[in-house]
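Just so you know, ligand 1 is whichever comes first in the structure, and atom 1 is the first atom listed for that ligand. Position 1 is the first residue of the sequence, and the numbers go up from there.
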Amino acid sequence: PSAIYLKDYTVPNFLIDKTELTFDLDETQTIVTSRLHVRRNPDSLEQTSPLVLDGGEDVKLIGVAIDDYALPQEEFAIKDDKLVITATPNEFVLTCETMIEPQNNTKLEGLYRSSSMFCTQCEAEGFRHITYYLDRPDVMSIFTTTIIADESRYPVMLSNGNEIERGKTDEGKTFVTWHDPFKKPAYLFALVAGNLEVLNDTFTTMSGRDVKLQIFTEKHNIDKVDFAMDSLKRSMKWDEEVYGREYDLDIFMIVAVDDFNMGAMENKGLNIFNSSCLLASPETTTDDAYLRVEAVVAHEYFHNWSGNRVTCRDWFQLSLKEGFTVFRDQCFSADTHSDVVKRVEDVSFLKTTQFAEDAGPMAHPIRPASFIEISNFYTLTIYEKGAEVVRMIHTLLGEEGFRKGSDLYFERHDGQAVTCDDFVQAMEDANGVDLSQFKRWYSQAGTPRLTVSDHYDEQAQTYSLTIRQETPPTPNQPTKLALHIPVKVGLVSNANEALSFSFAGQTQDEVVLHVNDVEQTFVFEHVASKPVPSLLRGFSAPVKLDYDYSTEQLLQLMSGDPDGFNRWSASQQLAVNELNALIKQYQNGQTLTEQTHLVEGFKALLADKTLDPAMVALILGLPSQAYMSELAEKIDPQAIKAAREHLRVVAGKALQAEFKHVYESNTVSEAYQASAEQIAKRSLKNAALMYWVASGSDEAKAAVVHQYRDADNMTDQYAALSCIVHFELSEADELLNAFFEQWQHEALVVNKWLMLSAAREQENGLEQIKALMQHPNFDIKNPNKLRAVIGGLGQNVDTFHNLDGSGYAFLADQIILLNKRNPQIASRLCTPLTRWQRMVPALAEKMKGELERIAQEDLSKDVYEVVSKSLA
Ligand code: B3K
Ligand code: ZN
């Protein structure tokens, strides 16, 4: 397999103005007939080139015609899955008949079966597995789609746009024709057919148009879509209010499917969702999952403008729609719940996962320069770092300036396929600013590190901050240029108050510093006393920050920083410092110290009644195993685990009474709601419960078992069960079984059971995981179930990181098994192994050995790219 490069981009040689498709759906053979209205692209430099259409090994060509003249064998060729026609008129109708077998499609890309339905997934390059086409996002076409099927089995037949015709064929089957008036690339095409139930609703847009809203599921799930429907209506309203964007079609549909490689897909007017991102009910869904449903519904809806009306010119520009849309869904959730809490969650996720990616062999800029398989580039970098880059533009321009920029972007490029440069240009033009240095964020990979030192001059009452920036080398980018980095800063006095200062001639208490050189010094004047700097407030840039805070300073910021985000940040730093000390002790074979300052911080925190309980819960959360791994010089999973367990027990014991009190005083007595207020209370209650049980108290153990048995919602039931299993209380086996018995008919809850069982640290961990994969409720073809078990394995430190390498070998076996069956999923499973160079030597060797073993196989492009780059 070879790479393709952004620098080689050329415009398409042909355009397709209209696309007429007919699907004759059948369980064994589906016949697809396409009529493409093709013409030469006047902007192409090649006016005599052949027509080359993308296809796939799974598409069988039955016949091809130009303007109803059936082409004989010698007038076309199939080469490397592409259909090549050398001689064509300048404008013509190409008719193409193909046969596909959706029931044998295990890659879940193109047209496939999920349970008893037909569905599609075409982004990025799935459409070519349906029929021959110019499968690239800058070829935009008006689609008309006819679906023919047996109505008794497929009463619901959907595609993009509006239903315009329905009737019977000569054979007595039913046909339905859909027409989408907006031109779109093939990756936004969708088709669904099945025996589905629907929830109907309407939304009146800001201009007074009524839009019909429909959510479809299999019959047994239709009682779980009310929350998604409500989220959809709130998203539609939010996009009108915040971005001035109105929905454009008369109908908006969402369909839930069980087998899906990703979370969801924004097909025009017909979103298709992984059921895990759509279904929600209090009894079966945790608060976290509710918030995810809300965010994904919003995200896919927001794509209607940021992605569909204005789309990407080529797949190197993926972050144009994904980074921007993640930023939009983050803001929506922040507006709906608590902005600080949301920011902490997003940043914590970014620093744990994206920073790790950016420091590994797959590191790439948010606009990559090359790839082998585009599916591998739906990454944390494109999505999460991409959103941070858009957020920095927002910080630099301010709310109003950003809105001017987005208005111009949507107006200027409506109906076009554009680039990240076009986005930034619109921001610049609307605001009269120059973002040329800023644009390096699009082309440079790696996480910049800011090293900060300071000096206070008591005499002069000046305080200076010196900031150095450095971005480490990444694959193919040995040297880096200085970036333009917005650093939001405030100063806090020893009396725990905001210290005002003058900067650039103005008195203020917070400022955004423009770091744009390798080293710079910023001077704050009229600073009344020696301050503690509150740096990078709200995480104003996706960077690592080094400032040598003392424990006292961290405790002070933790309780006194007016910036809520940085209170959390200080608590994390303090916990990281203490965990690192414990990790060293563990590695040196010393007894782990009981000394901890974190307890002081927690004590003050638990006593402060003014704080949002959700914020307190976040601060109580110890830095995760994954985050500590990301920070480690060499990752020693056992040592990290031991340090975290120890610190939790120490804190639990020291503050037993406080945790008990917090646990008991945060009970929710009203009926379950996924409201910010209730979610906050439950999260604090369950965080306190974890520490209380960690203390070893019998009363706590009784309380957690009681909570499990008594819970009327999944959040409390699952939190209790996790705690019981984690601390291996004597009820663990019994309740884990009871949980399965109770929920065996709810697939999404069974997945939680699979995950928890796989993560359970036991002597025979690997046997246990193999048994789970033989369980009747497991199905390797279902990505959610596979992710549950393999995700659980990843959290199971003793089993996965067993020194004998058996955990890694097992993962490698699964990758080899899935390599051809479902390459996208197989490639994602490789992620832990790509970090091999970061592991302690004994583990690194074993991981590398497994990568080498995988490399021996006949690999899909997906797995080949990740494995070969990891071994390079
Ligand atoms: N755009 C889709 C991603 C589909 C990726 C398929 N390999 C989901 C989203 O980001 O909204
Ligand atoms: Zn998206």
>> A cation-pi test, strictly: NZ or CZ of Arg313 under 6.0 Å from the centre of the six-membered ring of Tyr9 and no more than 45 degrees from its axis. Yes or no?
In response: yes
>> If you count every heavy atom of other residues, nucleotides or ligands that lies below 6.0 Å from Asn476 atom CG, does the total exceed 12?
In response: no
> How about Glu322: does one of its N, O or S atoms come closer than 2.8 Å to the Zn ion (ligand 2)?
Replying inline: yes
> Which parts of the protein, at residue level, reach under 4.0 Å of ligand 1 through a heavy atom?
Replying inline: Gln121, Glu123, Met262, Ala264, Met265, Glu266, His299, Glu300, His303, Lys321, Glu322, Tyr378, Tyr383, Gln824
>> Checking side-chain polar atoms at under 3.5 Å, does Thr205 have a donor or acceptor matched by the opposite partner on Glu246?
In response: yes
>> Taking the six-membered ring of Phe252 as reference, does the cationic atom of Lys212 (NZ for Lys, CZ for Arg) lie under 6.0 Å from its centre and within 45° of its axis?
In response: no
> Cation over ring, Arg113 on Phe118, under 6.0 Å and within 45°?
Replying inline: yes
> Hey, would you say the Phe260 and Tyr112 ring centroids sit under 6.0 Å apart?
Replying inline: no
